[in-house]
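Let me begin by presenting the structure, written as structure tokens, before commenting on it.
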Amino acid sequence: SRAARAWITNRGRPFLEGYTVLANSEFTAHHVQERWGRTAQVLYPPTPDFGPGAADRKRWILSVGRFQPRISGHPHKRQDSLIEAFRPLTRLHRAGWQLHLAGSVGSHDEVHRLKRLAEGLPVVFHENAPQKLLLDLYRHSSIYWHAQGFEEPKTRPEAQEHFGMSVAEALSAGLVPLVYETAGPAEIVAGLPGASTWRTLERLRAETMELIASDSLRMAALRSAAVQHSTRFTSHAFAERLGRLARGDADE
């Protein structure tokens, strides 16, 4: 609420004095500085390693995120926008491509809404997917889509994806990511060959079609690069960074 944000901004700041402030991304650190006037050290969360991916990739586009009602200014995985992005790609539908949406269910009404939106499309829902199924989806999918933050104003950082655990998990399994242009996901894929950030659904479609048109050697190279890039977010990288923070030499 506005009152809660005012308390954090005006009265919560002294509470931080004497503490080392940690942030799960540069995006979060920026807003800690902007709202609270404190410099935060970035410590990326340790990400499960879902690799290696399968050699026989399916014609699957995957997105992982909880199913919850969309409320302006609140986090939402925007599965509805991904369905709309997939809808006109009829050439992919005919070629056997599917969009797979997996996540925990925070709202059955939202799941029903999304299923109505996806009627007639090759969209597969995996509600409350167990770990084994999720692992299989990561290892066999080809492309990863992520859309949190789409159509949210930049002035509402709380609605953005502050880190993007599922994006890092997808990298570890060798998926090539196409993520919305803001916040943690864009930061995660920065510098990764083949990865792309998008601002409009039209751009997401175009990037997807270009990626799918790539030959097998290029795709293999992109998957290998994704796996290598994911090592920045492993438990080992987390432990090393935390150790440097504890010694006070994190930025050396």
Side-chain angles (χ1 to χ4, degrees), residues 47-48 50-51 53-54 56-72 74-152 159-161 163-180 184-185 188 196 198 200-205 207-209 211-212 226:
T47 302
F50 285 122
D56 57 332
R57 297 281 176 162
K58 309 293 186 182
R59 294 184 175 187
W60 293 351
I61 299 170
L62 176 64
S63 188
V64 176
R66 59 192 174 277
F67 299 103
Q68 61 188 53
R70 186 185 175 198
I71 303 172
S72 180
H74 291 253
H76 190 275
K77 300 303 180 182
R78 294 310 311 273
Q79 294 97 335
D80 53 348
S81 65
L82 297 183
I83 292 169
E84 289 303 327
F86 193 59
R87 182 182 305 280
L89 298 178
T90 54
R91 192 173 73 176
L92 295 189
H93 306 170
R94 292 192 296 269
W97 282 86
Q98 299 175 339
L99 173 62
H100 287 251
L101 302 175
S104 59
V105 177
S107 167
H108 290 285
D109 288 343
E110 177 67 3
V111 173
H112 295 153
R113 182 180 78 87
L114 293 171
K115 286 184 175 180
R116 289 194 298 270
L117 192 62
E119 282 182 5
L121 300 176
V123 176
V124 183
F125 289 82
H126 305 277
E127 304 154 48
N128 296 320
Q131 185 75 359
K132 185 177 184 300
L133 173 57
L134 191 62
L135 182 61
D136 185 67
L137 289 169
Y138 274 122
R139 287 181 172 175
H140 286 88
S141 296
S142 296
I143 296 171
Y144 191 79
W145 278 3
H146 194 81
Q148 183 167 326
F150 179 58
E151 296 183 325
E152 288 288 349
Q160 304 293 324
E161 184 76 84
F163 174 62
M165 186 72 74
S166 67
V167 178
E169 291 172 348
L171 294 180
S172 76
L175 276 76
V176 183
L178 301 175
V179 304
Y180 187 56
I188 288 173
S196 179
W198 52 272
T200 66
L201 298 187
E202 291 77 12
R203 187 62 184 167
L204 174 58
R205 295 183 192 110
E207 293 284 352
T208 300
M209 294 299 292
L211 192 58
I212 288 173

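Applying the salt bridge (Lys or Arg N to Asp or Glu O under 4.0 Å) rule to Arg87 yields the partners Glu84; only residues at least two apart in sequence or on another chain are considered. The side-chain hydrogen bond (donor to acceptor under 3.5 Å, both in side chains) test applied to Arg70 returns no partner, not counting sequence neighbours. By the side-chain hydrogen bond (donor to acceptor under 3.5 Å, both in side chains) test, Glu110 pairs with His76, Arg113, sequence neighbours left out.
For an aromatic pair to be called close, the ring centres must be under 6.0 Å apart, and Phe86 with Trp97 fails this.
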Worked check of side-chain contact (heavy atoms from CB on, under 4.5 Å) between Ile212 and Ile143: CA-CA 9 Å; Ile212 288 173; Ile143 296 171; 3.7 Å; yes
side-chain contact (heavy atoms from CB on, under 4.5 Å) assessment of Leu99 paired with Trp145: CA-CA 9 Å; Leu99 173 62; Trp145 278 3; 4.0 Å; yes
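For the pair Gln68 and Val105, the minimum side-chain heavy-atom distance is 4.5 Å or more. Using a 4.5 Å heavy-atom cutoff, the side chains of Leu137 and Leu135 are not in contact. You'll find the side chain of Phe163 stays beyond 4.5 Å of the side chain of Pro185, heavy atoms only. Taking the side chain as every heavy atom from C-beta outward, Met209 and Arg91 approach each other to under 4.5 Å. Contact check for Arg66 versus Pro75: side-chain heavy atoms found under the 4.5 Å cut-off. Annotation: side chain of Leu121 is in contact with side chain of His93 (closest heavy-atom distance under 4.5 Å).
Considering all non-hydrogen atoms of both residues, Tyr144 and Val167 come closest at CE2-CG2, 4.1 Å. Nearest heavy-atom pair, Lys77 versus Gly65, reported as atom, atom and distance to 0.1 Å: CG-CA, 3.7 Å.
Atom-to-atom distance recorded for Leu89:CG and Ile61:CD1 is 7.0 Å, nearest 0.5 angstrom. Between the NZ atom of Lys58 and the OG atom of Ser141 there is a distance of 10.5 Å, given to the nearest 0.5 Å.
A distance-only check finds no donor-acceptor pair linking the side chain of Ser142 to the backbone of Arg59 [under 3.5 Å]. Of the possible donor and acceptor atoms, none in the side chain of Arg205 sits under 3.5 Å from a partner among the backbone N and O of Pro88. Between the side chain of Gln98 and the backbone N or O of Leu62, no donor-acceptor pair lies under 3.5 Å.
Among residues at least two apart or in separate chains, salt bridge (Lys or Arg N to Asp or Glu O under 4.0 Å) pairs with a member in residues 119-137 are Lys115-Glu127. Sorted by first and then second residue, the ring-ring contact (aromatic ring centres under 6.0 Å, His included) pairs involving residues 100-126 (not counting sequence neighbours) are Trp60-His100, His100-His126.
For the pairing with Leu114, the side chain to side chain contact (heavy atoms under 4.5 Å, CB included) check across Asp80, Asp109, Leu82 returns one residue only, Asp80. Of the options His146, Glu152, Glu151, Gln148, a side chain to side chain contact (heavy atoms under 4.5 Å, CB included) to Arg78 is made by Glu151 and by none of the others.
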Identify each donor-acceptor pair in which a side-chain atom of residues 168-180 lies under 3.5 Å from a protein atom, sequence neighbours left out, and give them as a table.
residue	atom	partner	partner atom	Å
Glu169	OE1	Tyr138	OH	2.7
Ser172	OG	Phe50	N	2.8
Ser172	OG	Glu169	O	2.6

